[in-house]
Amino acid sequence: MTAPMPVRPPDPPGKPPPTLSKPPAGAPSEAPGQRRPSRLLAPLRETGKLFALGLAVGRAVFRRPFQLREFIEQFWFVASVTILPAALVSIPFGAVIALQVGSLTQQLGAQSFTGGASVLAVIQQASPIIVALLISGAAGSAICADLGSRKIREELDAMEVMGVSPIQRLVVPRVLATMLVAVLLNGLISVVGTLGGYFFNVIMQDGTPGAYLASFSALAQLPDLYVSEFKALIFGFIAGIVAAHRGLNPRGGPKGVGDAVNQSVVITFMLLFFVNMVITAIYLQIVPAKGG
């Protein structure tokens with residue numbers, strides 16, 4: 001025979017129900033006196049993490065061993081996805097600038113300066129901006145997606161367990177590749193944009209080829225090319241750092257990777273336009289205009 005089951009006596013009246021020793025699943029657990037981080041400070045925290053990653057990449061560049069094979073592969077990939085779009089986009093940019101500047105100089109009676117003004121606009125502003133858009137939109141999004149997929153598959157955590165730095169192994173070659181490709185693309189876009197502006201000004205606006213070419217020496221100077229290449233270098237660095245930062249910190253699995261790619265492109269655009277404005281303002285204050 002089996003023993004009878006014990007019967008729990010009823011609770012006396014007025015006794016409160018027993019409380020759970022652990023909070024229910026999904027409830028936020030907060031220690032006594034601990035405050036939740038404010039959402040208003042989230043942009044500042046992300047900005048701090050972005051600067052910290054930039055400093056870490058700058059220090060890791062000079063560490064050994066340098067990942068030469070990864071750098072060459074990333075350089076070829078970034079160049080292959082940006083060279084043809086850069087050449088195609090620079091033609092209408094140069095044409096629009098040449099047509100607009102040529103129309104304005106005709107109204108002012110200074111059509112002989114159309115070439116110099118168009119070249120200045122293409123080299124100083126249009127070429128670095130085109131480089132920034134292509135590097136961040138094509139190469140930066142691919143870098144962010146690659147690092148984000150590695151992160152959600154826990155490959156980066158496995159590398160850290162084995163003592164391999166993901167920043168030195170993966171981030172540094174990608175950032176250096178974007179910087180070098182940005183500098184080379186800037187030269188290509190400057191040449192193609194200038195040739196496109198020359199064609200549209202001479203053919204469509206009946207400009208004089210000799211006056212178009214002679215105005216180069218009247219307005220343009222060598223520091224204009226230097227600041228253009230410097231802008232492209234900085235823009236490539238910013239695009240690579242932002243893409244790597246968002247790729248290393250995805251949220252929410254595969255959907256979070258897609259969101260991180262979109263965020264990296266938007267953040268890069270905002271930073272690039274702001275930095276372009278700052279560099280242009282400083283350059284115009286330091287380097288005097290030719291003939292001024």
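Values below: every heavy atom of this structure, side chains too, minus hydrogens, waters and symmetry copies.
- Hydrophobic clustering (side-chain heavy atoms under 4.5 Å, transitive across Ile, Leu, Val, Met, Phe, Trp, Tyr) keeps L134 apart from F273.
- If you run side-chain contact (heavy atoms from CB on, under 4.5 Å) between P250 and each of I152, L147, V261, only I152 comes through.
- Here the CG-CD distance, from L184 to E229, works out to 8.0 Å after rounding to the nearest 0.5 Å.
- V242 and F269 fall into different hydrophobic clusters, defined by Ile, Leu, Val, Met, Phe, Trp and Tyr side-chain heavy atoms under 4.5 Å apart, directly or through other members.
- A chain of hydrophobic side-chain contacts below 4.5 Å, direct or via other Ile, Leu, Val, Met, Phe, Trp or Tyr residues, connects M277 to V227.
- For the residue pair S190 and S127, a side-chain donor N or O sits within less than 3.5 Å of a side-chain acceptor on the partner.
- In terms of heavy atoms, A232 sits closest to N186 at CB-CB, 3.7 Å.
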Side chains of residues 49-58: which donor-acceptor partners sit under 3.5 Å, not counting sequence neighbours?
none

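- F230 CZ: 12 or fewer foreign heavy atoms inside a 6.0 Å radius.
- What you find for V81 and A138 is that their closest heavy atoms are O-CB, 4.1 Å.
- The OG1 atom of T178 sits 9.5 Å away from atom CD of Q74, with the distance rounded to the nearest 0.5 Å.
- Here Q263 pairs with R246 under the side-chain hydrogen bond (donor to acceptor under 3.5 Å, both in side chains) rule; sequence neighbours left out.
- The nearest pair of heavy atoms linking V265 to S141 is CG2-CB, 4.2 Å.
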Worked check of side chain to side chain contact (heavy atoms under 4.5 Å, CB included) between S80 and I83:
CA-CA 6 Å; S80 63; I83 287 179; over 6 Å; no
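- Judged by distance alone, with hydrogens and angles left aside, the side-chain atoms of Y283 form a donor-acceptor pair with the main-chain N or O of D224 at under 3.5 Å.
- Minimum heavy-atom separation, E70 to L170: OE2-CD2, 4.4 Å.
- Shortest non-hydrogen contact noted between S264 and T268 is O-OG1, 2.6 Å.
- In the hydrophobic clustering, V266 connects to M270, either directly or through intervening members, whenever side-chain heavy atoms lie under 4.5 Å apart.
- The hydrophobic clustering, which links ILVMFWY residues whose side-chain heavy atoms are closer than 4.5 Å, places L271 and V278 together.
- Between the side chain of Q168 and the backbone N or O of P65, at least one donor-acceptor pair lies under 3.5 Å.
- Note: E73 CD to R174 CZ = 9.0 Å, rounded to the nearest 0.5 Å.
- Residues G140 and A243 approach most closely at O-CB, 3.2 Å, considering heavy atoms.
- Residues V171 and P166 are not in side-chain contact: their nearest non-hydrogen atoms beyond the backbone lie 4.5 Å or more apart.
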Verdict with reasoning, F237 to I241, per side chain to side chain contact (heavy atoms under 4.5 Å, CB included):
CA-CA 6 Å; F237 177 77; I241 290 295; 3.7 Å; yes
For N276 and K231: C-alpha separation, side-chain torsions, deciding distance, then whether side chain to side chain contact (heavy atoms under 4.5 Å, CB included) applies.
CA-CA 7 Å; N276 180 57; K231 284 182 180 181; 3.0 Å; yes
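- Distance check, rounded to the nearest 0.5 Å: CZ of R169 to CE of M162 gives 10.0 Å.
- With rounding to the nearest 0.5 Å, the separation of CD1 in I135 from CD1 in I238 is 12.5 Å.
- Clustering ILVMFWY residues whenever any of their side-chain heavy atoms sit less than 4.5 angstrom apart, transitively, puts I143 in the very cluster that holds I234.
- Once rounded to the nearest 0.5 Å, the distance linking CE of M179 with CZ of F235 reads 12.5 Å.
- Distance alone, capped at 3.5 Å, places no donor-acceptor pair between the S228 side chain and the Q124 backbone.
- Residues L176 and F66 form a side-chain contact, since some pair of their non-hydrogen atoms from C-beta on lies under 4.5 Å apart.
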